[in-house]
Amino acid sequence: MSKEITSRATDYSQWYIDLVRKAGLADYSAVKGCMVIKPYGFAIWENMRDTLDRMFKDTGHVNAYFPLFIPKSFLSREAAHVEGFAKECAVVTHYRLKNDPNGAGVVVDPEAKLEEELIVRPTSETIIWNTYKDWIQSYRDLPLLINQWANVVRWEMRTRLFLRTAEFLWQEGHTAHATAEEAIEETRRMLDVYATFAEEWMALPVVKGVKSANERFAGAEDTYCIEALMQDGKALQAGTSHFLGQNFAKAFDVQFSTKDNTLDYVWATSWGVSTRLMGALVMAHSDDDGLIIPPKLAPHQVVIVPIPKPLPELQEVASRIADELRAVGVRVKIDNDDQSRPGFKFAEYEKLGIPVRLGLGARDLANGTIEVARRDTKEKSQVPVEGLAAYITALLDDIQRSMFERAKAYRDDHITRVDTWEEFVETLDTKGGFISAHWDGTPETEDRIKDETKATIRCIPLDNPAEAGHCIRTGKPSTQRVLFARAY
RNA sequence: CGGGGUGUGGCUCAGCCCGGUAGAGCACCUCGUUCGGGACGAGGGGGUCGGAGGUUCAAAUCCUCUCACCCCGACCA
């Protein structure tokens with residue numbers, strides 16, 4: 001049990017915050033609602049970013065960059081869009097400060113008021129579609145497949161490290177297509193990319209689905225999402241992909257000449273994942289001793305700890321082993337610190353979630369073995385140094401796989417089929433997780449359920465079978481089950 | 001925006017009720033002994049007590065105002 005991390009059973013929320021801070025992922029900053037992402041946290045994010053970037057490029061996308069500031073008038077071009085974001089926008093009104101005549105530091109210079117106020121982007125659809133107007137004239141200019149890595153600002157009233165911060169890092173893909181079919185195909189393709197990333201890299205099982213009207217992105221025709229389940233039974237939206245129809249094309253007058261020389265509005269998609277994924281990673285896998293990072297995303301996959309400390313003969317063997325591991329592509333750290341004692345280091349690396357720890361002491365030297373400790377299960381074993389590289393690569397694969405399996409078993413065990421309102425409420429309060437239940441399809445009923453239980457429809461799963469039934473709340477007829485949960 | 005809480009060395013906090021020379025543990029520095037699951041001893045450095053004003057011979061402590069942050073709720077990725 002860690003000395004400095006609150007246990008999950010004591011206070012799940014505090015456990016999460018302790019973990020994020022004590023493991024050096026992020027910390028609070030001087031600015032309310034904004035966090036400092038620390039080097040270790042950023043290293044994990046970089047691994048996520050680099051992997052996703054490769055996946056985007058493999059599916060034909062290129063990167064570009066658009067301005068941080070958006071003219072205020074742009075936002076109101078799309079009615080639903082402004083409605084959705086207006087309440088959380090940071091606004092730039094002036095461009096200069098001056099010395100306070102009363103000597104109280106600097107003040108905003110009232111002379112320097114902007115002609116048109118600028119908002120700090122909460123998302124970039126508007127500035128991008130304003131630009132696309134100039135880039136698209138013909139069907140030959142389509143599809144336009146662009147991604148941007150950026151920071152955005154949403155002035156949230158309440159924030160939580162990584163899960164909801166006033167400023168966050170993300171990527172936003174914005175694509176333009178000649179037909180609705182092609183745009184929908186793109187929307188689904190990127191949803192698949194996200195699901196693959198979540199499951200194969202983050203070891204995080206997700207449900208792919210479509211949002212109900214209440215949860216739909218402001219300005220979208222359809223919002224697809226991947227939904228994950230955290231260890232406390234609450235759901236977390238881990239990524240979204242929107243089919244925007246012709247809404248933004250019409251708002252920004254983006255038309256193109258078709259093959260048969262008619263004019264049509266462009267079809268659009270947008271899709272994004274954010275540093276929120278860091279929060280998902282922590283909450284899905286970690287334990288009371290600290291982080292558990294899946295091998296594929298771990299900045300260091302293996303740490304070698306010379307015991308009792310890095311004596312010359314141990315150091316020599318350690319660096320030889322490290323070289324062998326690096327030769328097969330394993331990210332290795334050798335602990336050359338000679339101040340801390342082994343026990344302290346063990347606890348420390350467990351807190352950081354490094355998947356595999358190798359302990360190397362005089363005993364091992366004599367036996368030609370090394371102590372292999374895996375973070376996820378805490379199992380320790382003596383393994384021959386001979387052939388270690390192959391053993392470790394197999395072990396890392398096994399850890400990656402078993403982390404996913406464990407999370408999936410938990411998730412599957414927490415999808416409960418429910419047919420009565422009493423069961424529904426009971427399950428929410430005792431077991432949590434996803435609840436698969438019938439719903440009459442109306443926003444009113446969804447709102448009512450949310451008011452009464454705080455549960456929302458997380459999604460309508462894509463592979464949902466048609467099934468006749470009755471709404472859990474109103475008893476009206478329903479054609480399929482949807483997934484409810486309390487969510488972050 | 002409503003409710004609750006907290007501001008005192010880098011961190012966690014005590015001291016405040018009842019005003020009188022700013023403390024502890026951890027961390028840090030030096031030396032020594034240690035080292036296969038969070039070591040120990042000795043010595044040492046470091047704080048205008050969130051800010052402003054007031055009361056007083058005297059304020060971390062009492063009064064007024066103010067700022068910031070955290071937690072819970074409404075809003076959201």
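Numbers restart at 1 for each chain; the letters A, B, ... are given by sequence-line order, proteins then strands. Side-chain atoms are counted along with the backbone in the values below, which use heavy atoms only and exclude waters and symmetry mates. None of the values given here were measured: they were computed from a predicted structure.
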Side-chain donor/acceptor contact of A:Lys380 with base of B:G37 under 3.5 Å: yes

Atom CH2 of A:Trp149: over 12 foreign heavy atoms under 6.0 Å: yes

Within residues 9-19 of chain A or reaching into it, pairs that qualify as side-chain hydrogen bond (donor to acceptor under 3.5 Å, both in side chains) - sequence neighbours excluded: A:Thr6-A:Asp18, A:Ser7-A:Thr10, A:Ser13-A:Arg160, A:Gln14-A:Asp18

Touch class at under 4.0 angstrom, heavy-atom based, for A:Gln237 against every strand present: sugar-phosphate

Lys NZ or Arg CZ of A:Arg276 over A:Phe168 ring: under 6.0 Å, within 45°: no

Test ring pair (Phe, Tyr, Trp, His ring centres under 6.0 Å) applied to A:His300 - qualifying residues, sequence neighbours left out: none

A:Glu371 CD - B:G36 C1' separation (whole Å): 7 Å

Spacing of A:Lys345 atom NZ relative to B:G37 atom P, expressed in whole Å: 13 Å

Integer-rounded Å distance: B:A77 P and A:Glu227 CD: 11 Å

5' priority, RNA chain B, between A:Leu236 and A:Arg160 [closest heavy atom]: A:Arg160

Sugar-phosphate, base or nothing in reach of A:Gln14, heavy atoms under 4.0 Å: nothing

A:Pro342 side chain, from C-beta outward: closest of B:C35, B:A77, B:A74: B:C35

Separation of atom CZ in A:Arg216 from atom C1' in B:A77, rounded to whole Å: 17 Å

Of A:Leu360 and A:Phe162, the one whose closest RNA chain B nucleotide lies more 5': A:Leu360

Nearest-angstrom distance, C1' atom, B:G7 to B:U12: 14 Å

Determine all donor-acceptor pairs shorter than 3.5 Å in which one atom belongs to a side chain in residues 206-213 of chain A; sequence neighbours excluded.
from, atom 1, to, atom 2, distance (Å)
A:Lys208, NZ, A:Asp192, OD1, 2.8
A:Lys211, NZ, A:Glu227, OE2, 2.7
A:Lys211, NZ, A:Gln237, OE1, 3.0
A:Lys211, NZ, A:Arg458, O, 2.8
A:Ser212, OG, A:Glu446, OE1, 2.8
A:Ser212, OG, A:Glu446, OE2, 3.1

Residues in contact with RNA chain B, drawn from residues 298-316 of chain A - heavy-atom cutoff 4.0 Å: A:Ile307, A:Pro308, A:Lys309

Atom pair OG/CD of A:Ser270 and A:Glu172 - distance to nearest 0.5 Å: 8.0 Å

Integer-rounded Å distance: B:G38 P and A:Leu352 CG: 18 Å

Pairs touching residues 63-86 of chain A that satisfy salt bridge (Lys or Arg N to Asp or Glu O under 4.0 Å), sequence neighbours left out: A:Lys72-A:Glu117

N/O donor-acceptor pair, side chain A:Arg341 with base B:G36, under 3.5 angstrom: no

Paired and unpaired positions of RNA chain B as dot-bracket, Watson-Crick or G-U wobble under 3.5 Å, | denoting a partner strand: ((((((((.[[[[.)....(..]]]].((((((.....)))))).....[[[[[..)....]]]]])))))))....

Nearest listed nucleotide, side chain of A:Phe344, among B:A77, B:G38, B:G36: B:G38

C1' spacing across the pair B:G19 / B:C49, given as an integer number of angstrom: 15 Å

Sugar-phosphate, base or nothing in reach of A:Thr456, heavy atoms under 4.0 Å: nothing

B:G37 base / A:Glu350 side chain donor-acceptor hit below 3.5 Å: yes

With sequence neighbours excluded, residues passing ring pair (Phe, Tyr, Trp, His ring centres under 6.0 Å) with A:Tyr194: none

Whole-Å C1' distance, B:U66 and B:U30: 45 Å

Touch class at under 4.0 angstrom, heavy-atom based, for A:Ala362 against every strand present: base

Same-atom distance (C1') from B:A27 to B:U61, integer angstrom: 28 Å

Rounded C1' spacing from B:C26 to B:G45 in Å: 16 Å

Minimum-distance nucleotide to A:Ala347 side chain [options: B:G36, B:G37, B:A77]: B:G37

Separation of the P atoms in B:U56 and B:C16, to the nearest angstrom: 24 Å

Below 3.5 Å between N/O atoms, which protein atoms pair up with nucleotides 68-70 of chain B? Just atom names and distances, please.
from, atom 1, to, atom 2, distance (Å)
B:C69, OP1, A:Lys32, N, 3.1

Rounded P spacing from B:C17 to B:A59 in Å: 14 Å

Protein-nucleotide distance (A:Leu161, atom CG; B:C71, atom C1'), rounded to Å: 13 Å

Residues in ring pair (Phe, Tyr, Trp, His ring centres under 6.0 Å) contact with A:Phe56, at least two apart in sequence or another chain: A:Trp271

Atom-pair distance (NZ on A:Lys234; P on B:A77), nearest Å: 15 Å

Given B:G36, B:A77, B:G37, the nucleotide with the shortest approach to the side chain of A:Thr165: B:A77

Residues that A:Phe74 engages under ring pair (Phe, Tyr, Trp, His ring centres under 6.0 Å), provided they are two or more places apart: A:Phe252

Sidechain N-carboxylate O distance under 4.0 Å for A:Glu199, A:Lys408: no

Rounded P spacing from B:G43 to B:G38 in Å: 26 Å

Value in whole Å for how far the C1' atom of B:U33 lies from CG of A:Asp338: 15 Å

Sugar-phosphate, base or nothing in reach of A:Thr123, heavy atoms under 4.0 Å: nothing

Please report, to 0.1 Å, the donor-acceptor pairs under 3.5 Å made by any side chain of residues 278-285 of chain A, with sequence neighbours excluded.
from, atom 1, to, atom 2, distance (Å)
A:His285, NE2, A:Met202, O, 2.7
A:His285, NE2, A:Ala203, O, 3.3

Closest to the A:Glu348 side chain, choosing from B:G38, B:G37, B:G73: B:G38

Contacts table for residues 380-387 of chain A: side-chain donor-acceptor under 3.5 angstrom, sequence neighbours left out:
from, atom 1, to, atom 2, distance (Å)
A:Gln382, NE2, A:Asp364, OD1, 3.0
A:Gln382, NE2, A:Thr369, OG1, 3.4

Geometric class of the A:Phe243/A:Trp267 ring pair [parallel <30°, tilted 30-60°, perpendicular >60°]: parallel

